[in-house]
Every structure is written in C-alpha cells, then in structure tokens.
Protein chains: 2
Amino acid sequence: MTKRPRSTGRTTIADVAARAGVSAITVSRALRTPDRVQAATRARVEEAIRELDYLPDAAASTLASRNSNVVGVILPSVTNKVFLGTLRGIYDVAEEGGLQVQISNSRYSQDEEERLLRIFLSQRPAGLIVTGIDQSEATRKLLRSAPCPVVQITETGPDPLDMMVGFDHAAAGALAARHLAEQGYRRIGFLGARQDPRSVRRQSGFRDSLEQLGLFDPARVLFSPDQSSVGLGSRQLLDLLRVDPKADAVLCNNDDLALGALFACQRQGLDVPNRFGICGFNDVEFMAFTSPSLTSVRTPRRQIGIRAMRLIMARIDDPAAVFAPEHLAVELSQRRSTGRDEDATSTPG
Amino acid sequence: MTKRPRSTGRTTIADVAARAGVSAITVSRALRTPDRVQAATRARVEEAIRELDYLPDAAASTLASRNSNVVGVILPSVTNKVFLGTLRGIYDVAEEGGLQVQISNSRYSQDEEERLLRIFLSQRPAGLIVTGIDQSEATRKLLRSAPCPVVQITETGPDPLDMMVGFDHAAAGALAARHLAEQGYRRIGFLGARQDPRSVRRQSGFRDSLEQLGLFDPARVLFSPDQSSVGLGSRQLLDLLRVDPKADAVLCNNDDLALGALFACQRQGLDVPNRFGICGFNDVEFMAFTSPSLTSVRTPRRQIGIRAMRLIMARIDDPAAVFAPEHLAVELSQRRSTGRDEDATSTPG
DNA sequence: ATGAAAGCGCTAACAT
DNA sequence: ATGTTAGCGCTTTCAT
C-alpha cells in the first residue's frame, strides 16, 4: 500500500506529510528542530519517513535556506602526507557537527586556488578552509566578502582574512637550526623538495639562526624541483656531501627526506649521529622507530584541523563572534639522530 | 504593505539576463552549452557576468536539473596512507571532468557506511565510489537503486552492485607467500594491523599457499587490534620472535609494518635478508630506498582511482553502458630484503 | 504547536 | 537561436 512516487521518482516531504497526516512544514520541523514539534506528531512523522524510505533533498534545502552544510577545504596537494593529520582533525570535528567536507587541490597554484574557491562559493558553503597566507588579491577579496566563516590554516601571519590557525614556520626552522648547533654540529645543510611558501620561511628561519652563529653557508642549502620523497632525501644527502664533503648535519624540510637521508648515511657507512646529525620536520609516527631514531620538529597538524573546524562551528553558532589568530606551539622531538654523546630520550608513540 | 519576499542580495541569473538584454535561459545556456548561443550574445552575457561578478548557485542548479556534479567517495579511513594513491587518481580525473569530490570516512563500520551513503544520496550525487565488497544488505539495496553510477573499488568479487575496479587480495597474499617460500624461507610469519576484510583475504591467500607447501603455522600469524604503524611493525616482529624464535621471514600486511619490522631486525642485529626475510604489501615509495631495500607486493592504487572515475564519467556520458568488473594486475617488487644469496634487482622509482 | 502561501535561483520542456 | 512557462523540493514569513 505504499504511496506512488511522484514525477521525479523521488519521495518528497509532501509524501511524508500526507502519510503522517500533517503538513509539509511540520515534517521539515520534525527533521530540523524536533523539539518544536509535539512528541506524538514527531513520532508519526518519523514513522512515515521510515515507511516511505524518505531521503531529504540537500539541494532544495540549501536553496530554500541559503545554507549548505558543506565545508570547503583548499589544500595545495591532496597527495602530501603532511596534510593527512590535519585532514583527520577536520573530519573528526566535521562529523560531530554534521558537516560535510569537500577537499580540493590547488596544486600550489594561486590561479587554481581562485578557481576552486569560486566553485566552492557557488555551493553556499557553511565554511571555508584555505591553506596558508599567500592568496592572490582576487582570492583575498572573494574570501573577505564570503558569506561564511573562513579559516586560513597551517601558517599564521599578519592580515588575517578572517580566522587563522597555524604556527610560525620561520621560528620552527630556527628552532631546529639552533638545536643542531647546540649539539655541536658546525657544517649544517638544509634539504628541501619542491618549494612552497612555508618551506621558504622555514629555510629563512634556519638561515637567520645560523647566520647569527656564523655557521651559515648557502652552498649547503639544497632545494629540488621534485616532489618530496624518501628517494629524494637519499639523493640530496649525497648531493650535499658532494658540495661539502665535511658537512656534518642536515635539517630536512620534512620527515620523508630525513628518512631518505638516514638510509643514504647507512649506505655510505656514515655514523649517525656521531659523524652526521639528521633532523626532520613534522615528526610523523615513524621517526621514533627508525634505527637510530630521528629527531624532528613536532608540528601540531591534527590540532590545526581540529581548531579550524571548531572555529567554523563556533562562528556558525554565533555569527558575530570574533576570534583572534591561533598560534599553536611547535616543539622539538629530540632523539638519537642528533645526540652525539649519550643523551637522547624520547618516548615512542 | 504586501508580504515582502525574502531578499538575498545575491546576484542571480536574472540580473545577468537583464544586464545583457537577454532572457534568463539564454544566460543559463551561455554557461552550460556555450555553442548553442550565438557568439555575439554569448559575449554580452559573459561581459554582464563579469561586470556583476555573478556566481552561479549550485543548489538551484542541482534542484532544477536533478543532478549535482559531486562524486561521493566512502573510504574506511581517511588517515590511511594506502588510500592516498587512489585519492590522487580520483582527484586527477575528477578535475578533468569538472566533478567535485567529497570524501567520507566510514571508520570500518558498515552502519556508518550506510549513514554516510544516505547523506550522499541526499545530495543527488553524480556518482558514488565505495570501498570493498562487504556492504550491509541495507547499503547494498540503496546502492543498487541509486540514481547514479556506483563503483566498488580496491577489491573485486562476485555480485558487483554496479561497476567494480580492484584486484584479488587473496591471490596477492598467495603471491607473496610463494615468493618467500621460493627464496628458501621456511618459518614464515604474517603481521597485520587492525583487520579489515581485505587483510583477512590477504592472509587467507597466504595461509592457503603455505599450507599447500606444508609450511603454514597459525601461531606465526599475528593480528593487532591497533592501527597500522611503523611502531606496530617493530613490536609485532619482536612478538613473532617470541612465539617462534626460529621464524625466518615475515609477510607484512602493509609497508609501514614492514619498515617497522626492518628497524626491529636492525636493532636485534638480525641480518636481513640472510637470517630473516621481509616482504611488505603495497610497495609505497620508500620501499626501494631502505637499507636493505624492501620487497613488496605492488598494488595498483592510483590506477584504481583513475579507472573508477573514468567509469563514472563513461556512464554519465552513456547511461546505458555496461562495464564489466576490472581486475587489475598485482606484481611483486622483488628487492634485497628477500634475496638470500646474490640476486635481487629492482630499480628504484 | 501547526499550517498556507510564497518564493529560493535555476533549468526542462515546450514554444517561436 | 532565443524566449515562456512551470516547476524542482524545501524553508521562510506570516497567520492561526
């Protein structure tokens, strides 16, 4: 005795209403604001929904309410493992809040970022998350007048478009550089893959810090146009030794490079940490388990995702709320790969 | 005063039409099927769009056309690096086709998968991609009657819901097991993290294969409830040696475990490959660069994503088209970690 | 607590 | 090649 579907074949709120003996708007309310509908009415509506296997139409809802539940995220790369932790944070919080996440991929291009942003804006997003602080002027303008909360993530800086969660990449680079110097390394190199603005700022923190100590040599800074990988780290380590056979340590711009550097040292028979120190960046899980374990700069990737989504939800709840940029802390996970003497304690986890 | 309708302030297609001196439908056509509009008219429309800074409303378009451009993807985990390659393939093709990708995360739960599917269906997706073949009956029913193309990925099997792209996990497990046996290993273990249906089938291929050779011992099969990680691989290797101190090789259910196992061997002073052989699964990039390099089963992760999206696009173009399940090939990347004598050639890549 | 009417902004279907 | 009409399915506004 089921009701005959309508022209599109889709069961609508009107079908449910008829079945439950109420009006359409009551069904709508039972779905969105259940406490404004009497329990008995609500029960009948819910039963009708189940019987008819009703699925709401998100497009109709968005159109009528001028509001979707989609949060758009623009990342420079979807392949990059670095963003995995942040994505996890984003998804975890999004689920709590009943929000849908849509990721897109700007491939490190400002023009592509603007194009993607326009696509997102056409969906009346509930919120937008963009990576970094280097948007084009057109993009900045669109974001400033976006009809939804906007968060810039990963990096903090001046002139926030709206909200901001990240850390200071130059300071993080400096932290690692100072650590290597303190451990007694004197000919310290820098390995980086395809540059993005964050890499550049990390390197400049590294440079400034070593310059102050009189230890900086630009010849020991290697950037590759290739994508980051373990293989690249191995190759770059050999390159570094070619440039400066006496190089005695390296800051790797991410952990894959550090792992590659470690393997290259093993193959070359270079003792890590005594002959050669290695420090990575991000502190992904494996760094604690290599042999020897690898020092790295721990970055709050998951926290960035969590905080960004929480800011969006807070702003949805209270559109007038103002939130200051959040500068998250970065610290060093000191391990054996930079501990020339005894030292080096760090709990795996 | 008559009832004042809602004001949105949003620039609409009608505004553009007025500005360009045409009707709304002409603007719509200029946007979607430009070749059905005269060049001069089109030019005026485009100018009006620019002048007014018009952005289409995706919800209105979806509602009117009964069709979004969103492809929904349900993965068991968004954190798992294994899916990164597949995601890359999906995004690469989606961009070509002007489709938006929406990922969600079933956390290996069938109920959650069904819930997510309902959310996707409420968006009138252009296509759906689900992982594996172990959907609940309710989910299968929803997918069978979904008004869009559906692809099951990662694994092939009987009873496809619609289209299918993957490989045979049992055969892949068997391939690795035979390889280890052929290399002369005799007490071969298996390490796996939190089980999913694919892990189980890989293990059963491994088991069947070794049973035929009289080499299987269930005591050497270790599954952990924990998530896969390098640290887990290290711990499990030690566990295996505790269970069977004479164990001489291990098939790791993924490459992180294999890397962890390698580090544990290094720490234990076990010679790899002569005292102990290690084979991983997936063949991620770093496997070719460890020291010694690690043998692994190469799986076509990126291809799976590419083919899945291409199938969706092909079906959108021709809704009547029928596509048989695609069984992709899996092969062994043989490297030093399983080459007891000389042997072992494999070019890094 | 519930309902009626009026759109939200766009496109399908049918004109011309 | 372009326009007219009539919704798509829902939620807002205003009323009871």
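Note that the structure is a prediction, hence the values are computed from the model and not measured. Order of the sequence lines fixes the chain letters, A, B, ..., with proteins taken first and strands second; residue numbering starts at 1 for each chain.
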- Task: Would you indicate what B:Arg32 reaches in the nucleic acid, counting non-hydrogen atoms under 4.0 angstrom: base, sugar-phosphate, or nothing?
- Result: sugar-phosphate

- Item | Exercise: do B:Arg66 and B:Thr62 side chains pair donor with acceptor under 3.5 Å | no

- Are B:Tyr91 and A:Ile103 close enough that some pair of their side-chain heavy atoms sits under 4.5 Å apart? yes

- Task: Find out whether A:Arg19 and A:Asp15 are in side-chain contact, i.e. whether some heavy atom of one side chain is under 4.5 Å from a heavy atom of the other.
- Result: no

- Using whole Å, report how far CZ of B:Arg66 lies from P of C:dT11. 12 Å

- Item | Pairwise side-chain contact, A:Val70 with A:Leu99, heavy-atom cut-off 4.5 Å (strictly under) | no

- Can you check the A:Leu121 CG to C:dG9 P distance for me, whole Å? 15 Å

- Could you please name the option among C:dG9, D:dC10, C:dT11 that lies closest to any side-chain atom of B:Ala60? C:dG9

- Message: Under 3.5 Å, is there a donor on one side chain and an acceptor on the other for B:Gln152 and B:Gln135?
- Response: yes

- Does A:Glu112 come within less than 4.0 Å of A:Arg107, counting only side-chain N to carboxylate O? no

- Task: Tell me, with the steps shown, if B:Lys141 and B:Glu137 meet salt bridge (Lys or Arg N to Asp or Glu O under 4.0 Å).
- Result: CA-CA 6 Å; B:Lys141 192 177 153 208; B:Glu137 208 27 72; over 6 Å; no

- Query: Can you tell me how far C1' of D:dC8 sits from CD1 of A:Ile13, to the nearest Å?
  - Reply: 14 Å

- Is the backbone N or O of B:Ala321 less than 3.5 Å from a side-chain atom of B:Arg315, with the two atoms forming a donor-acceptor pair by type? yes

- Message: Would you say B:Arg124 places a side-chain N or O within less than 4.0 Å of OP1 or OP2 belonging to D:dG9?
- Response: yes

- Message: Regarding B:Thr41, tell me which of base, sugar-phosphate or nothing describes its non-hydrogen contacts under 4.0 Å with the strands shown.
- Response: sugar-phosphate

- Message: Could you tell me how far apart A:Asn69 (CG) and D:dT11 (C1') are, to the nearest whole angstrom?
- Response: 15 Å

- Note on the structure: To the nearest angstrom, the CG-C1' distance between A:Leu31 and C:dT2 comes to 16 Å

- Proximity to DNA chain D (any heavy atom under 4.0 Å), residues of residues 14-28 of chain B only: B:Val22, B:Ser23, B:Ile25, B:Thr26

- B:Ser136 and B:Thr139 side chains, donor-acceptor separation under 3.5 Å: yes

- Message: Reading DNA chain D from 5' onward, which residue's closest nucleotide shows up sooner: B:Leu63 or B:Gln38?
- Response: B:Gln38

- Kindly calculate the angle separating the two end axes of the helix from C:dA1-D:dT16 to C:dT16-D:dA1, each obtained from five base pairs, and round it to 10 degrees. 20°

- Item | Distance-only polar pair, side chains of A:Arg32 and A:Ser28, donor-acceptor under 3.5 Å | yes

- Query: Is it true that B:Glu96 and B:Arg310 make a salt bridge, defined as a side-chain N closer than 4.0 Å to a carboxylate O?
  - Reply: yes

- Take the protein atom CG of A:Asn67 and the nucleotide atom P of D:dC10, then report the distance between them rounded to whole Å. 17 Å

- Please list, by residue number, the residues of residues 47-59 of chain B whose heavy atoms come closer than 4.0 Å to an atom of DNA chain D; answer none if no residue qualifies. none

- Task: Hey, which sits more toward the 5' end of DNA chain D by its nearest nucleotide, A:Thr62 or B:Val37?
- Result: B:Val37

- Item | Nucleotide nearest B:Arg29 when distance is taken to its side chain, options D:dT2, C:dT11, D:dG9 | D:dT2

- Interatomic distance, B:Gln123 atom CD to B:Asn69 atom CG [nearest 0.5 angstrom]: 11.0 Å

